[in-house]
2 protein chains.
Amino acid sequence: MTTIYDVARRSGVSPATVSRVLSGRRNVDPELSEKVRAAVAELRYRPNGVARNLRKASTNLWAVVISDIENPFFTSLVRGLEDVAQTEGYHVVLCNSDEDPAKEAAYASAVLTEQMAGVVISPTSTADGVQVLAEAKTPMVLIDRRVEGVEADSVLVDNEHGATEGVRHLIEGGYRRIACITGPRRVSTAMDRLAGYRAALRGGGIRYDKDLVRHADFREAGGFAAMESLLELGEPPEALFAANNLMTVGALECLAKRGLRAPDDIAVVGFDDIPWADLVVPSLTTVAQPTYELGRTAGLLLKDRIASPGRPPSTVTLRTELHIRSTSAPKP
Amino acid sequence: MTTIYDVARRSGVSPATVSRVLSGRRNVDPELSEKVRAAVAELRYRPNGVARNLRKASTNLWAVVISDIENPFFTSLVRGLEDVAQTEGYHVVLCNSDEDPAKEAAYASAVLTEQMAGVVISPTSTADGVQVLAEAKTPMVLIDRRVEGVEADSVLVDNEHGATEGVRHLIEGGYRRIACITGPRRVSTAMDRLAGYRAALRGGGIRYDKDLVRHADFREAGGFAAMESLLELGEPPEALFAANNLMTVGALECLAKRGLRAPDDIAVVGFDDIPWADLVVPSLTTVAQPTYELGRTAGLLLKDRIASPGRPPSTVTLRTELHIRSTSAPKP
DNA sequence: TACGCTGCGGAAATCGATTTCTGACTACAG
DNA sequence: CTGTAGTCAGAAATCGATTTCCGCAGCGTA
């Protein structure tokens with residue numbers, strides 16, 4: 001490998017001068033500067049980033065810790081983050097935690113030993129890794145979920161409002177027996193969306209019936225099972241509000257398997273958009289989150305946090321958007 | 001930050017001994033060893049990965065250069081890669097090239113300066129970055145596409161065979177005027193799938209008609225436009241074979257917009273599975289690629305390549321799988 | 001003329017770990 | 001009792017850049 005010393009020797013200057021020419025952080029005699037550039041080109045010199053990182057005590061890596069890149073919600077979010085990272089000169093390290101606190105903690109540990117510049121993280125239920133990172137004062141942005149007792153920049157979505165809007169839309173369509181499949185009790189988004197559901201019922205003068213609510217695991221299989229159990233009720237629901245994309249898909253599969261159709265047999269509104277929702281027939285009504293924007297905003301916050309570590313933490317809340325399609329058509 | 005020197009001082013040994021205790025690469029007096037461990041715990045010492053990387057002249061980073069993580073094909077592939085990386089002690093840096101050779105080259109350059117351990121790359125049309133990396137002898141695995149003149153491990157899919165199977169299935173359904181929307185001429189997968197299409201026609205005794213073939217850009221808009229142009233033919237096609245997922249979606253959107261339905265007005269087979277293809281009504285017949293497996297295989301090859309750099313390059317070709325669903329139902 | 005200030009290049013310290021080299025000590029064979 | 005091989009701890013070199021510190025030269029001002 002050619003080093004800065006090789007370049008220095010070749011161009012008859014000291015390594016310090018080479019460094020100064022390349023970083024442009026100090027004036028250098030144009031003649032020497034030219035010689036250095038020539039030597040760099042001739043030797044095809046490429047600085048060693050690791051050595052630079054060591055000296056500078058920082059890297060240009062951001063970690064993004066999410067539960068699963070295959071979930072379209074995170075896919076798009078990561079893309080938004082990567083676009084910011086790229087323009088700001090960072091690289092993104094992808095970390096799939098699979099909702100496993102141990103994996104989250106392992107990644108957090110890697111963030112620290114590898115001296116990464118910052119982290120964007122969607123916390124698992126116990127947020128083990130978040131605690132470690134907070135303690136180490138690593139620049140960190142929480143996305144999607146809040147964590148009790150941790151002061152950090154966050155990018156959230158107005159889950160309660162979004163859920164309310166989705167459920168209100170069903171009520172306005174004439175549905176009154178509306179079921180809800182939400183996520184685990186320990187996850188803030190699950191509880192917020194449930195709260196939104198209840199608020200909408202209240203607004204519509206409908207009594208809350210806890211038999212119509214299921215807490216599943218935010219996964220496809222969980223949505224499927226929850227739907228099955230709802231259909232076994234003596235008086236099955238007329239409509240369903242499902243609190244994330246995977247559980248919505250699971251519920252739809254359950255309906256398909258039973259030969260039931262939306263909205264004729266049961267109307268459906270799902271939280272989270274799914275790709276090509278328009279192509280699904282009947283097309284799915286969703287409470288869409290601005291996922292790309294979520295990632296982009298997280299990136300911008302992280303950049304600011306790194307630039308001014310002392311700044312008090314800020315929380316950005318983005319709005320959801322109700323995409324009315326066919327599965328929520330009003331009652332005939 | 002606490003360093004190995006702090007630990008050494010605290011436990012009354014030399015830094016060398018601390019290093020040996022922690023790496024376990026040499027026998028150390030159990031008593032000293034115990035002292036070191038105690039000091040590590042007390043000081044909450046965490047080795048500095050950057051310093052280690054510098055000394056060892058290698059990092060534990062893999063780059064994965066793909067065109068767009070939002071394309072489900074790559075999403076799943078990246079997940080497969082990350083799973084291998086995790087078990088092998090590597091981290092994955094995500095690089096979206098957007099099919100732009102300049103971006104690809106920029107990422108290749110970053111791979112070199114950051115001393116990443118290896119790269120998994122889906123080359124853009126001119127493969128600028130691949131050339132740079134090949135020249136630098138960086139451990140590299142090509143995925144999805146071949147590159148002329150570059151000897152490297154590759155993981156490919158039997159594109160020609162998959163395309164043949166998909167088109168043959170249409171022929172068996174009684175369709176004879178079958179159109180094909182494929183990708184750019186410079187991309188190997190586009191040409192291989194076109195070759196498969198032609199082979200199937202030949203096998204079915206159907207004359208190849210170049211008016212029924214469109215070269216688009218592998219994107220949604222391109223598929224849409226290509227479909228429009230096919231529908232404007234004096235005698236429009238009875239069936240369509242589209243050579244990737246995004247163009248298939250674009251074509252379907254075009255059909256939807258015109259009020260045409262598959263398979264009644266035009267039968268459709270698409271290359272690449274799409275998520276929840278079963279939920280789309282009518283459900284889409286696809287030539288599915290083993291995308292997760294593709295990423296996993298690439299990871300395993302990369303691991304081997306790093307372990308034994310001298311080994312001659314190997315190519316793994318995986319099989320596609322025809323998923324017969326509704327859009328290709330036989331002609332009545 | 002003397003003094004101070006500025007601009008710029010080079011020597012050397014520095015970042016924090018790993019690893020080579022050296023020397024002390026032990027054990028065992030002759 | 002001596003010589004040799006083997007173990008293991010510590011001193012110091014090392015990875016490759018950046019940056020501090022120092023010294024020299026040139027210029028302006030009193």
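Since we're looking at a predicted model, the values are computed, not measured. Protein chains get the first letters and strands the later ones, always in sequence-line order, with residue 1 at the start of each.
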### Query
For the atom pair CD1 (Ile66(B)) and OG1 (Thr124(B)), what is the distance rounded to the nearest 0.5 Å?
13.5 Å

### Interface with DNA chain D, restricted to residues 3-16 of chain A and to heavy atoms under 4.0 Å
Thr3(A), Ile4(A), Tyr5(A), Ala16(A)

### Query
Hey, does the side chain of Asp128(A) reach the backbone of Ala105(A) with a donor-acceptor pair shorter than 3.5 angstrom?
no

#### Entry: Arg79(A) bridged to Asp98(B) by N-O distance under 4.0 Å
yes

### Message
Tell me the interatomic distance from Asn48(A), atom CG, to dT18(D), atom P, rounded to whole angstroms.
### Response
10 Å

### Task
Could you tell me whether Arg296(B) and Asp83(B) make a salt bridge, using a distance below 4.0 angstrom between a side-chain N and a carboxylate O?
no

### Nucleotide dA17(D), atom P - distance to CG of Leu112(B) in whole Å
14 Å

### Task
Go through dG16(D), dC15(D), dC8(C) for me and flag the one nearest to the Ala51(A) side chain.
dG16(D)

### Result of checking Leu81(B), Val120(B), Val155(B), Leu156(B) against Leu294(B) for side chain to side chain contact (heavy atoms under 4.5 Å, CB included)
Val155(B)

### Message
Please check: side-chain N/O of Thr59(B) versus main-chain N/O of Gln115(B), any donor-acceptor pairing under 3.5 Å?
### Response
yes

### Message
Looking at dT18(C), I'd like to know if its phosphate oxygens (OP1 or OP2) sit under 4.0 Å from a side-chain N or O belonging to Arg52(B).
### Response
yes

### Query
When the distance from CD of Glu31(A) to P of dC8(C) is rounded to whole Å, what number comes out?
14 Å

### Query
Which residue lies toward the 5' end of DNA chain D, Asp29(B) or Tyr45(A), if each is placed at its nearest nucleotide?
Asp29(B)

### Query
Expressed in angstrom and rounded to an integer, what is the separation of Leu54(B) atom CG from dC15(D) atom P?
9 Å

### Query
Which whole-number value in Å describes the distance from Glu114(B) CD to dA17(D) C1'?
12 Å

### Query
Do the ring planes of Tyr90(A) and Trp62(A) sit parallel (below 30°), tilted (30 to 60°) or perpendicular (above 60°)?
parallel

### Message
Output the rounded distance in Å from NZ (Lys56(B)) to P (dG16(D)).
### Response
16 Å

### Query
Taking CD from Gln115(B) and P from dG16(D), how many angstroms apart are they, rounded to a whole number?
8 Å

### Query
Applying the salt bridge (Lys or Arg N to Asp or Glu O under 4.0 Å) test to Asp153(A), which of Arg305(A), Lys303(A), Arg146(A) qualifies?
Arg305(A)

### Residues in contact with DNA chain D, drawn from residues 17-26 of chain B - heavy-atom cutoff 4.0 Å
Thr17(B), Arg20(B), Arg26(B)

### Query
Is the distance from OP1 or OP2 of dT7(D) to the nearest side-chain N or O of Asn27(B) less than 4.0 Å?
no

### Task
Mark yes or no for whether Thr3(B), through its side chain, and Tyr5(B), through its backbone, hold a donor-acceptor pair below 3.5 Å.
yes

